[in-house]
Each structure stands twice: as C-alpha cells, then as structure tokens.
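Below is one structure, written out as structure tokens; the observations come after it.
None of the values given here were measured: they were computed from a predicted structure. Residue numbers start at 1 and run along the sequence shown.
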Amino acid sequence: MSIWDIHYDALYGSPIAVDAVLTVACGDVPHGLRVIDKTDGSETVFNGVEMVTIGPAARVRARELAEKGIDTEALRDAVLNLNGRDWLVKANGPLPAPTGAAHGEIRLILEASE
C-alpha cells in the first residue's frame with residue numbers, strides 16, 4: 001500500500017466524501033459509491049491549462065469503480081444520485097495519483113437530470 005492509497009482511504013472515508021448511487025444503464029444494478037461532490041463547479045485541466053468550470057462534477061476513486069466492475073467507457077449517460085438529486089454523467093476523465101491512473105480518481109462531468 002502506498003502513501004497515496006492511505007491518503008485516498010482517509011479522504012474518501014471522511015465527511016468530505018458522501019454516499020452516492022450510480023446506475024450505469026437502465027436495468028443495471030445500482031452501485032453504492034463514495035464520491036466528492038463538486039456540483040458547485042470544479043477545476044479542470046484542458047490541453048495542459050488549468051481552468052475553473054461552472055459546471056457540476058463529482059470525483060470517485062478509480063479503484064472503487066474497478067472493484068465494482070464499472071468500465072469508465074460505459075459511464076456516459078449513467079445516472080448518479082448525489083445528495084438526493086439525480087445527475088447525468090456527460091463525460092469523465094482521469095485524475096491520476098503520482099502512482100498511476102488506477103490509483104487516482106475519475107472526474108465525472110455532470111448535467112442536472114430533469
């Protein structure tokens with residue numbers, strides 16, 4: 001176990017992270033996850049430039065998705081229930097740890113579900 005695994009374990013085990021439910025496709029079994037709510041906006045990197053977006057997002061551990069057998073390629077249009085509200089996953093991207101992408105996080109770009 002690396003220092004980064006310890007860091008993410010502490011972060012996602014703390015009150016900073018919240019419980020959420022991810023349904024990848026209609027009819028699929030919902031998956032309980034711990035996520036970091038960034039629905040008020042988040043920072044993102046585009047072509048090497050860090051920007052602040054006004055769009056909603058959430059972060060989830062890449063390892064947690066892998067343990068549940070969730071392929072990041074299948075996340076588009078998944079539904080994430082977060083803090084009592086449904087969000088559509090419009091895109092996602094890796095936020096690698098220094099030890100690699102598999103040990104980091106996945107940023108979910110969200111859109112309010114009607």
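- In summary, of the residues considered (Val60, Leu80, Asp28), a side chain to side chain contact (heavy atoms under 4.5 Å, CB included) with Leu22 occurs for Leu80 alone.
- Taking each heavy atom of Arg34 and Gly13 in turn, the nearest pair found is NH2-C, 4.2 Å.
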* To do: Would you sort out whether Arg76 and Val89 count as a side chain to side chain contact (heavy atoms under 4.5 Å, CB included), showing the intermediate values?
  => CA-CA 5 Å; Arg76 186 166 178 84; Val89 177; 5.9 Å; no
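- Remark: side-chain polar atoms of Asn92 are paired, donor with acceptor, to backbone N or O of Thr72 under 3.5 angstrom.
- Between Lys68 and Leu33, some side-chain heavy-atom pair lies under the 4.5 Å cut-off.
- Nearest heavy atom pair, residue Leu11 against residue Ala17, reads O-CB, 4.0 Å.
- With rounding to the nearest 0.5 Å, the separation of CZ in Arg85 from CG in Asp37 is 10.5 Å.
- In this structure, Ile109 and Ala57 approach most closely via the heavy-atom pair CD1-CB, 4.4 Å.
- Here the closest non-hydrogen pair linking Val21 and Pro30 is CG1-CB, 3.5 Å.
- Within the model, atoms CG of Asn81 and CG of Asp19 stand 11.0 Å from one another, a figure rounded to the nearest 0.5 Å.
- A salt bridge between Arg61 and Asp9 is present, with a side-chain N of the basic residue lying under 4.0 Å from a carboxylate O of the acidic one.
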* Pair Lys38-Ile36, side chain to side chain contact (heavy atoms under 4.5 Å, CB included): steps then yes or no -> CA-CA 6 Å; Lys38 296 290 186 177; Ile36 297 176; 4.0 Å; yes
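- Annotation for Ala62 and Ala101: closest pair CB-O, 3.6 Å, computed over non-hydrogen atoms.
- For Lys90, the salt bridge (Lys or Arg N to Asp or Glu O under 4.0 Å) partners two or more places apart in sequence, or in a different chain, are Asp77.
- Ring geometry for His7 versus Trp4: interplanar angle over 60°, hence perpendicular rather than tilted (30 to 60°).
- A salt bridge links Arg59 with Glu105: the closest approach of a Lys/Arg side-chain nitrogen to an acidic carboxylate oxygen falls below 4.0 angstrom.
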